Amino acid sequence: RPGGGMMQGDLILPRGYDRKRCVRCTPMGLGLGLGMSLVHRASGPGLKPPISANLLQDMNASIFASIALNAGNVAAWADQSPSPNNWSQAIGGSQPAYNAVDANMNGRPSVAVAHTKSITGALNILQPNTVYVVGWGALNAGADIFDGALVRQAIGVNTPGFYYFAGSSVQFGPARDAAMHAFAVVFNNTSSVGYVDSSGTAYPGTAGTNSCQNPSVAGVFPNTSGGVGRVLMYNATHNSTQVGQTLAYLGAVYGKAWS
């Protein structure tokens, strides 16, 4: 960086990493067998979200030590919440790709979203709950970027725009695009509300009563593509002030003016 110094969200890479390409250029010396390896890099400041109470999942693709790779695909993803509930995918052909530098994520890492690929947790998170997802989805008729693998509670892109779903679909946000966004949804049946990039505009609706059973980054529909860099899940409702605090934090991490 010209003039030196660090900014919030900068990566702090240990010796042996190529900062420009965000890849390791010396052997790791650590393996998990069967061709698997840990992507072992440290991340910069600002990793912890501003609200820790009731945090059940904190999946962060920029904490490189939390990702276990199998031939470049994600076999396991370690939860960073106070009581970790890790995600995994044992089937090699169903493991999503890991993007160390995702151009659609402002150069930050992501776990790829693709049809028939998924990485999944084991929790069953009942309503009310609040979900934050930083990611992008291609302009397809139905492209989930976050979902529940067994009982659906989803955030994604569809024909009109963005939607959230827990048994019923609610449209929210501006016109759809394939750019990175910070999505926040308070799932609370008839009192559900969604936000895209800003807590200043709320999109209320009746999302349904589904829990989120086995939360996942998964390509449920054909032709799905996208990427997810961060998932935060709370077993509590967040008001607009708390949503704004969390979106501002995510904006600082990803270099966006979210609030």
Side-chain angles (χ1 to χ4, degrees), residues 43 46-63 66 77-87 111 119-135 144-156 162-168 170 172-173 181-218 228-254 256 258-259:
S43 282
L47 289 179
K48 297 298 182 183
I51 301 171
S52 59
N54 301 301
L55 179 61
L56 293 183
Q57 298 265 238
D58 182 357
M59 313 308 296
N60 189 343
S62 291
I63 299 183
S66 73
W77 193 0
D79 178 20
Q80 304 300 305
S81 72
S83 300
N85 293 278
N86 299 332
W87 294 12
V111 173
I119 182 117
T120 304
L123 289 179
N124 183 22
I125 302 174
L126 302 177
Q127 292 193 36
N129 61 65
T130 303
V131 180
Y132 299 86
V133 178
V134 177
D144 290 349
I145 60 172
F146 170 83
D147 210 338
L150 293 183
V151 179
R152 294 193 61 214
Q153 196 179 90
I155 298 171
F162 304 109
Y163 73 96
Y164 58 91
F165 175 93
S168 298
V170 179
F172 76 127
H181 293 284
F183 302 97
V185 179
V186 180
F187 287 99
N188 192 17
N189 193 13
T190 58
S191 300
S192 298
V193 58
Y195 307 83
V196 182
D197 300 340
S198 171
S199 61
T201 303
Y203 298 88
T206 299
T209 60
N210 286 1
S211 64
C212 186
Q213 187 169 356
N214 295 67
S216 67
V217 170
V228 170
R230 192 72 177 268
V231 176
L232 298 170
M233 299 190 71
Y234 296 84
N235 65 337
T237 58
H238 281 187
N239 59 35
S240 60
T241 299
Q242 293 170 310
V243 170
Q245 291 172 343
T246 305
L247 292 181
Y249 154 76
L250 292 170
V253 171
Y254 285 90
K256 305 293 276 187
W258 299 329
S259 62

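Note that the structure is predicted; figures quoted are calculated from it, not measured.
- Of all the heavy atoms in Arg230 and Tyr254, the pair that sits closest is CB-OH, 3.6 Å.
- A distance of 12.5 Å separates CG in Asn188 from NE2 in His238, rounded to the nearest 0.5 Å.
- Within the 3.5 Å criterion, the main-chain N or O of Gly244 finds no donor-acceptor partner in the side chain of Ser259.
- Side-chain contact between Pro128 and Val186: absent, with no pair of heavy atoms (C-beta onward) separated by less than 4.5 Å.
- The closest side-chain donor-acceptor pair between Thr120 and Asn214, if any, does not fall under 3.5 angstrom.
- Between the CG atom of Asp58 and the CG atom of Asn85 there is a distance of 12.0 Å, given to the nearest 0.5 Å.
- In terms of the side chain to side chain contact (heavy atoms under 4.5 Å, CB included) criterion, residue partners of Ala78 (sequence neighbours excluded) are, by chain and number, Ser66, Gln80, Asn86.
- With 3.5 Å as the limit, one finds a donor-acceptor pair spanning the side chains of Gln57 and Asp79.
- Between the CG atom in Leu123 and the CG atom in Leu56 there is a gap of 6.5 Å [rounded to 0.5 Å].
- Residues passing the side chain to side chain contact (heavy atoms under 4.5 Å, CB included) test with Thr241 are Asn239, Gln245, sequence neighbours excluded.
- At a threshold of 4.5 Å between non-hydrogen side-chain atoms, the residues Trp258 and Val134 count as touching.
- Between Phe162 and Phe172, the ring planes are perpendicular. Angles over 60° get that label, and only those under 30° would be called parallel.
- Ser240 OG to Leu247 CG: the interatomic distance, rounded to the nearest 0.5 Å, is 10.5 Å.
- Atom CG of Asn129 is separated from atom OH of Tyr234 by 12.5 Å, given to the nearest 0.5 angstrom.
- With contacts defined as side-chain heavy-atom distances shorter than 4.5 Å, the pair Val170/Tyr203 does not qualify.
- The two atoms that bring Pro84 and Pro82 nearest to each other are CD-O, 3.4 Å, heavy atoms only.
- Nearest heavy atoms, Ile119 versus Trp87: O-CE3, 3.5 Å.
- Nearest approach of Gly135 to Phe183, heavy atoms of both residues: O-CE1, 3.9 Å.
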| field | Derivation of the side-chain contact (heavy atoms from CB on, under 4.5 Å) call for Phe187 and Cys212 | value | CA-CA 10 Å; Phe187 287 99; Cys212 186; over 6 Å; no
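- In this structure, Thr130 contributes its side chain and Ala236 its backbone to a donor-acceptor pair below 3.5 Å.
- Expressed to the nearest 0.5 Å, how far CD of Gln242 lies from OG1 of Thr237 amounts to 7.5 Å.
- Side-chain contact between Tyr132 and Val243 is present, with at least one heavy-atom pair separated by less than 4.5 Å.
- Contact record, Trp77 with Val228: CH2-O, 4.4 Å, taken as the closest heavy-atom pair.
- With Asp147 contributing its side chain and Ala149 its backbone, the two residues share no donor-acceptor pair below 3.5 Å.
- Shown here for Gln213 and Val151, the closest heavy-atom pair between the two residues is OE1-CG2, 3.0 Å.
- Within the 4.5 Å cutoff, no side-chain heavy atoms of Val133 are placed close to those of His181.
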| request: Quick one: do Asn235 and Leu126 satisfy side-chain contact (heavy atoms from CB on, under 4.5 Å)? Show the steps, please. | output: CA-CA 7 Å; Asn235 65 337; Leu126 302 177; over 6 Å; no
